[in-house]
Amino acid sequence: MTPGSAPSPGATPVTLLTGFLGAGKTALLARLLRWPALRDTAVLINEFGEVGLDHLLVEPLEGEVALLRGGCICCSIRGDLKAALVDLHDRRRRGLVPDFRRVVIETTGLADPGPAVATLVADPVLRHAFTTAAIVTVVDAVNGAHTLDTHEEAVRQAACADRLILSKTDLAPPAAVAALRTRLAALNPLAPVTDLTLDDAPEAALLTDDPTGPANARRWLCAEVPANPHGPVGAVTIESGPVDWTRFGLWLGMLLNRHGARILRLKGLVAVEGVATPVVIQGVQHLVHPPRHLTEWPEGGARTRLVLIGHDLDGALLRRSYGAFTGATPLAASPGVPEAHAAAAPPAADR
């Protein structure tokens, strides 16, 4: 892993659309595909017959591929994700399907986003043609709290998200919607929450092909991480000054090797010694995306800030190990951030 690593030039951004059974993924997808700005989109769905998009079809193409009204391409995934993406990329290259600028993959309601992201990032063939843009998770405002209580898959979907879309808010009591918002903010402080009932916000969210750009970095860099009162999944923040990239990579590798199964999501801006611009790192479970450079630091100056979301994470232990491996000087807690979420200097005995 090097600070200058990046996706291949011209790689097509891929948005993963996930959410538990009945959350409203298909309703969002059908709405998006009617929007003119998304006409150059390819859509992959797990089972074509299970998704109510037949009314949008205007022209069947070869095999499992159909052309939707407005020009979108819709494919079913009857085998593995890699095969579907390779086939779609090959059809585009040969001119068998209209050109497309982005891909949206709708997962099944019980899917863990981690393996899909791993397929995109780890496979050398796919990594050349595609790049992960965002994970968008739809949460049902009526049943969301109960689903999070009873289904681990729903927790993982919400915790891994770059953006959370609340559906059915018009059918749920306002107090229940507010409580669910608070819960999602505690579970995943990195992801903005948007109502599906708003006129244009979901489209704008899905059209942002680069969630690691300066605007998004500024949002989560400055975010405070609240305490999580709803179970063992929570967030830990680590802050410090600039770090040696090699030592930081060693710490990160050891962290994921030991705790990767418990870490659902990792995001961070890293201040690297000798590098003027911030380096963005992102990870889902064991897998870390290729690091990317931003052109400038968001407001607040050059500092390393990491946010880890996972099961039963010991913040004090993680910060001690970070200090021991990197030797970085911790920064004081930000105003309003509880001490448990600030970067504490590791005791001498732990160095």
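Because only heavy atoms are used, hydrogens play no part in the values below, and waters and symmetry mates are left out as well, while side chains stay in.
- Both V125 and V103 are assigned to one and the same hydrophobic cluster, defined by single-linkage of ILVMFWY side chains at heavy-atom distances under 4.5 Å.
- The residues D90 and R94 are annotated as salt-bridged, a charged nitrogen and a carboxylate oxygen being separated by less than 4.0 angstrom.
- The shortest side-chain heavy-atom distance between D162 and K267 falls under the 4.5 Å cut-off.
- Between D140 and N143 there is a side-chain heavy-atom pair separated by less than 4.5 Å.
- Here the options are T15, D40, V43, the test is side-chain contact (heavy atoms from CB on, under 4.5 Å), and the partner is R102; only D40 passes.
- No side-chain heavy atom of T277 sits under 4.5 Å from any side-chain heavy atom of L294.
- Between D149 and R183 there is a salt bridge, since a side-chain N of the basic residue sits under 4.0 Å from a carboxylate O of the acidic one.
- With hydrogens and angles ignored, the 3.5 Å screen pairs a side-chain donor or acceptor of R247 with a backbone N or O of F325.
- L196 and V142 are not part of a single hydrophobic cluster, where members link through side-chain heavy atoms under 4.5 Å apart.
- Distance check, rounded to the nearest 0.5 Å: OG1 of T132 to CG of L16 gives 8.0 Å.
- With hydrogens and angles disregarded, no donor-acceptor distance shorter than 3.5 Å links the side chain of W245 to the backbone of A271.
- Judged purely by distance below 3.5 Å, without hydrogens or angles, the side chains of R92 and T12 pair a donor atom with an acceptor atom.
- Looking at V14 and I105, their side chains come closer than 4.5 Å, going by heavy atoms from C-beta outward.
- Taking hydrophobic clusters as Ile, Leu, Val, Met, Phe, Trp and Tyr residues chained together by side-chain heavy-atom distances below 4.5 Å, Y322 shares a cluster with L250.
- Checked by atom type, the side-chain pair T107/T18 shows a donor-acceptor distance below 3.5 Å.
- In summary, the side chains of T131 and R292 do present a donor paired with an acceptor at a separation below 3.5 Å, with no hydrogens or angles considered.
- Using modelled atom types, one side-chain atom of K25 and one backbone atom of G19 make a donor-acceptor pair closer than 3.5 Å.
- Using modelled atom types, one side-chain atom of R127 and one backbone atom of V121 make a donor-acceptor pair closer than 3.5 Å.
- Counting heavy atoms from C-beta outward, V275 and H293 have side chains that approach closer than 4.5 Å.
- Put simply, L317 and L256 are part of two different groups of oily side chains (I, L, V, M, F, W, Y) that touch within less than 4.5 Å, one to the next.
- Between I281 and V270, some side-chain heavy-atom pair lies under the 4.5 Å cut-off.
- Using a 4.5 Å heavy-atom cutoff, the side chains of D244 and T326 are not in contact.
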Legend entry - Audit row: F100, T41, side-chain contact (heavy atoms from CB on, under 4.5 Å) steps and yes/no: CA-CA 5 Å; F100 52 89; T41 298; 6.0 Å; no
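- Judged by distance alone, with hydrogens and angles left aside, the side-chain atoms of T119 form no donor-acceptor pair with the main-chain N or O of K82 at under 3.5 Å.
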Legend entry - Verdict with reasoning, T304 to L269, per side-chain contact (heavy atoms from CB on, under 4.5 Å): CA-CA 6 Å; T304 296; L269 286 186; over 6 Å; no
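- No side-chain heavy atom of L166 sits under 4.5 Å from any side-chain heavy atom of T194.
- The backbone N or O of F20 lies less than 3.5 Å from no partner atom in the side chain of E153, so there is not a single donor-acceptor pair.
- A salt bridge is defined here as a Lys NZ or Arg NE, NH1 or NH2 lying under 4.0 Å from an Asp or Glu carboxylate O, and R181 with D195 meets this definition.
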